[in-house]
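To start, the structure itself, in structure tokens.
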Amino acid sequence: MRWTREGNIWIMVELPFITVVPCQINGRAEGWHACCGGRPVPQIAPGYNSREVMDRTEKYYDARIELTSVKGEWRQ
């Protein structure tokens, strides 16, 4: 997956409603967390490195997409 940066927000090119945005972790304003539609995704851990959060975000959504396609196959 590819990401593009607009200001201080990373946007997933394939799914532009998924973003990685700055946040505070333990009172520090240096962290990043994943959002979907502007809301934090609690299943994806925030972190101090934006690339690591983007990687976790990609893995999370890849797994969800794969499970959805498998469910469709089982119903047939």
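Every value quoted in this text rests on a predicted model; they were computed, and no experiment measured them.
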E30: what forms a side chain to side chain donor-acceptor pair (under 3.5 Å) with it, not counting sequence neighbours? R28
If you group Ile, Leu, Val, Met, Phe, Trp and Tyr by side-chain heavy-atom gaps below 4.5 Å, do L15 and M54 land in one group? yes
Residue pairs passing the side-chain hydrogen bond (donor to acceptor under 3.5 Å, both in side chains) test where at least one lies in residues 40-53, sequence neighbours excluded: R51-D55, R51-E58
If you group Ile, Leu, Val, Met, Phe, Trp and Tyr by side-chain heavy-atom gaps below 4.5 Å, do V21 and Y61 land in one group? no
For C23 and H33, work out which heavy atoms get closest and say how close. CB-CD2, 3.5 Å
Below 4.5 Å, heavy atoms only, C-beta onward: do I11 and E6 meet side chain to side chain? yes
With a cut-off of 6.0 Å (strictly less than), are more than 12 heavy atoms of other residues, nucleotides or ligands near CG of N8? yes
Transitive ILVMFWY cluster of V13, excluding itself - 4.5 Å side-chain cut-off: none
Nearest heavy-atom neighbours spanning A34 and T57: CB-OG1, 3.3 Å
Using the rule that two of Ile, Leu, Val, Met, Phe, Trp, Tyr join whenever any of their side-chain heavy atoms come within less than 4.5 Å, decide whether I9 and F17 are in one cluster. no
Non-hydrogen side-chain atoms of V53 and W10 separated by less than 4.5 Å: no
Minimum heavy-atom distance V41-C35, with the two atoms named: CG2-C, 3.9 Å
For E14, side chain to side chain contact (heavy atoms under 4.5 Å, CB included) partners two or more places apart: M1, R2, M12
Show me the pairs that pass salt bridge (Lys or Arg N to Asp or Glu O under 4.0 Å) and involve residues 32-49, at least two apart or across chains. none
